[in-house]
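First comes the structure, then the notes that go with it.
By convention in this document, chain letters (A, B, ...) are assigned in the order of the sequence lines, proteins followed by strands, and residues within each chain are numbered from 1.
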Amino acid sequence: MSAGELSDVPADAEHGESAAPATEEPAAPASTCSCLDAEAPNGRAVAEVLLDSALPQLDHLFDYAVPEELAGELRVGQRVRVPFRNQQRKAFGYVIGFAETSSFGGELSPIADIVSPVPQLTPEVWRLARAVADRAGGSAGDILRLAIPGRQVRVEKQHLAAAGTPPEASAHAPAEPLDADSAAIAARLVTGERLALTATHSPERLSTGEWVGAWAIRLAHVAMAVHAAGKSAIVVLPDYRDQDQLQSALAALGAADVLRVDARQSNAERYGSFLQALDGVARIIIGNRSAVYAPAHELGAILIWDDGDPVLAEPLAPYVHARDAALVRAEQSGAGLFFAAHARSAEVERLTLIGYVQDQVNPPRRTRVIHADQSIAPDAFAGRVPDFAAKTIREGLRTGPVLVQVATPGYAPVSVCGDCGDLARCTACGGPIGFRTAGTAACRWCGQHAGGWACAGCGGNRLAERGMGSARTVEQFERQFRGFRVLLSDGDHPRERVDARPAIVVATRGAEPLAAGGYRAVVLLDAERLLSLENLRAGEDCLRWWENAAALAAPDGVCLMASGGGPVVQAFVTGRIDEWLHSELRDRQALRYPPAVRVASVTGGSAQVDRALAALRTPDTLAGVEVLGPTPVAASDPAARGAKLVRAIVRFEYARGSDVAKRLRGALVSDAAGASSRQKGRAPGRAVPEALRLRFDDRGVFDG
DNA sequence: AGCACGCCGACT
DNA sequence: GTCGGCGTGCTC
């Protein structure tokens, strides 16, 4: 691997007029908000507009005439309404730039009206959206939908009215001095450096009395030091529980100018924060994966917490991971990039190996981890856990809460025939039957209730529970540890915090509550079950789940790996995660698996996919690009929806990324152009030919 | 998407 | 001769 493998990150966008200076603009009246500052036409007659459309063939700029009566108001970045297809039908779009003349042959239609005086799309965000969409084979409009919240007239009026009043002093002195390490990191970030940090374990107490993970305090210090340098910081965090912790840490430190962008906010709140970000004041913007597109003023750094969490991958086309968007943005804007986590992702490990990201080597404090290896010292089972684990739990309960991490939610993941012992299969779809709660069994694939189930082998109709879900674990612990509170936290009933009193907290991975003062003990069960998940990245995921759980222990608490063995468990127990990741990455390099290489999946009708793959060979065959398949997509696959589809997987070196994306995107555009006719021409009753679908860097593309 | 353009078979 | 079938392609 070489540093050149990131050369696919575009240095510049083709479209857009961001280069034109805004200096010729007349001085704005004193009462207008600085969020209105943007380039005006200044006599130029043509406006370049990106239309709001999901259609790939419309994903380019359209020229419109600047009407006399709008010339004074119109600005780059404004949302406008324009005639499209005919003078009656109108479409929405964004003004991307102005020009003297148009290269379009026909007569230009005029812009119909301006939706809002606020230029919502800054040149920087436009450049980012264009580059990110190009890299992912998608439309810029799809990125802008994530980047720009829906307009709220009331919020906007309020914002513009308040703009006359002088902004509050933005150079707030922090309530506590920033720690020297964080200040040093921030100083490097604002010069454009890219750093990776493994965070310290255990919760810490804020001056407000609230407990948060030590990582949150570290990120708060770094973000505040970036802000103190007069720059904005964007902090991307996977979920609202992480965002809450960071927000608490920032508040306790007296941070000013903090904005929050997350999925739980109303659109009005989101639009309000968005307008403040646009305001020309440096901010600390914290939020979910979409926050990476926030219109930050003077962006100094993007901070990403726990980038291995799958929720940072956008589920909507073009499926761009926040990490990738951040890489492009940092490259384009010269901002720094900070990856922090308890367990590094394979992607960040790759970036450190090629020297693109610098490793912060100072070893963090880590919870003491012990391993009860059943294969070395077989132990007696009196209930759900081996005796050694039960002893650890009892010891912890003497002084505080104990966390027990389990693999599966629900009651019992598996059921078997009570008579012959065969695995119970759903009578409708053949899927495995599990118990969601005690006594109610249903198919884990189709959800059908297993009320009238009969065994296909012996005809018996008694279902027996096998395996231990979180609910059944709670039941067993209530029996085994009488007199103690047993609390449950899982995906359906997440619990954000627990107090410092003794209690057993049973949680599924990722749903562990934060304990005041930290857990006395963290017990990790079901390692072999988690590692056996049919997932190429099971090892990496397990290390992340385990490290995040271990980080919830008190500084003098203990983490017990209660079972399992093998290299991944060893890496966790000995704390040599980076070494394991390193060798894993070498293996993937040899096997050509991501993230050592990139992948794209191409799905559609057989002829469509063939045409798309042909584009990879014309006009010349791209070196470093390999095609697997196409293979039929199983009819049961939700992607198929009854139609007969095939899928090919394209593997390529990072340096080939822009070529591959450009060519596959070209095939998609010509396919879409012909799609309407195919649709119309289809015989009645025949399945609708699905559109060609393109997906880059799909994490699960090689999973069964 | 949705609509106009355009090029071959059956018709008042 | 022309009406209209639907494949093709464009939308500033």
Do A:Arg135 and A:Asp697 sit within salt-bridge range, that is, some charged N less than 4.0 Å from a carboxylate O?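 The answer is yes: the pair qualifies as a salt bridge.
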Would you please determine if the base of C:dC12 is stacked by A:Phe62, with stacking meaning a centroid separation under 5.5 angstrom and planes under 30 degrees?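 It does not: the two rings, one from A:Phe62 and one from C:dC12, miss the stacking criterion.
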Base, sugar-phosphate or nothing for [X]? Non-hydrogen atoms, less than 4.0 Å.
{"X": "A:Leu108", "answer": "sugar-phosphate"}
{"X": "A:Leu58", "answer": "base"}
{"X": "A:Phe104", "answer": "base"}

Residues 137-150 of chain A, side-chain donor-acceptor partners within the protein, below 3.5 Å, at least two apart:
residue	atom	partner	partner atom	Å
A:Ser139	OG	A:Arg665	NH2	3.0
A:Asp142	OD1	A:Arg145	NH2	3.0

Give every residue pair that meets the side-chain hydrogen bond (donor to acceptor under 3.5 Å, both in side chains) criterion with at least one member in residues 89-105 of chain A, sequence neighbours excluded.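 Residue pairs with at least one partner in residues 89-105 of chain A: A:Asp63-A:Ser102, A:Arg79-A:Tyr94.
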Euclidean distance, atom [atom1] of residue [X] to atom [atom2] of [N] [Å, nearest integer]:
{"X": "A:Gln87", "N": "C:dT11", "atom1": "CD", "atom2": "C1'", "answer": "12 Å"}
{"X": "A:Phe92", "N": "C:dC12", "atom1": "CZ", "atom2": "P", "answer": "16 Å"}
{"X": "A:Leu55", "N": "C:dC10", "atom1": "CG", "atom2": "C1'", "answer": "12 Å"}
{"X": "A:Arg89", "N": "C:dC12", "atom1": "CZ", "atom2": "P", "answer": "12 Å"}
{"X": "A:Asp59", "N": "C:dC12", "atom1": "CG", "atom2": "P", "answer": "16 Å"}
{"X": "A:Arg85", "N": "B:dA4", "atom1": "CZ", "atom2": "C1'", "answer": "12 Å"}
{"X": "A:Lys90", "N": "C:dC12", "atom1": "NZ", "atom2": "P", "answer": "11 Å"}
{"X": "A:Gln57", "N": "B:dC3", "atom1": "CD", "atom2": "P", "answer": "15 Å"}

Looking at A:Leu616 and A:Arg663, what are the two nearest heavy atoms and their distance?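 Nearest pair, atom of A:Leu616 first, then A:Arg663: O-NH1, 3.3 Å.
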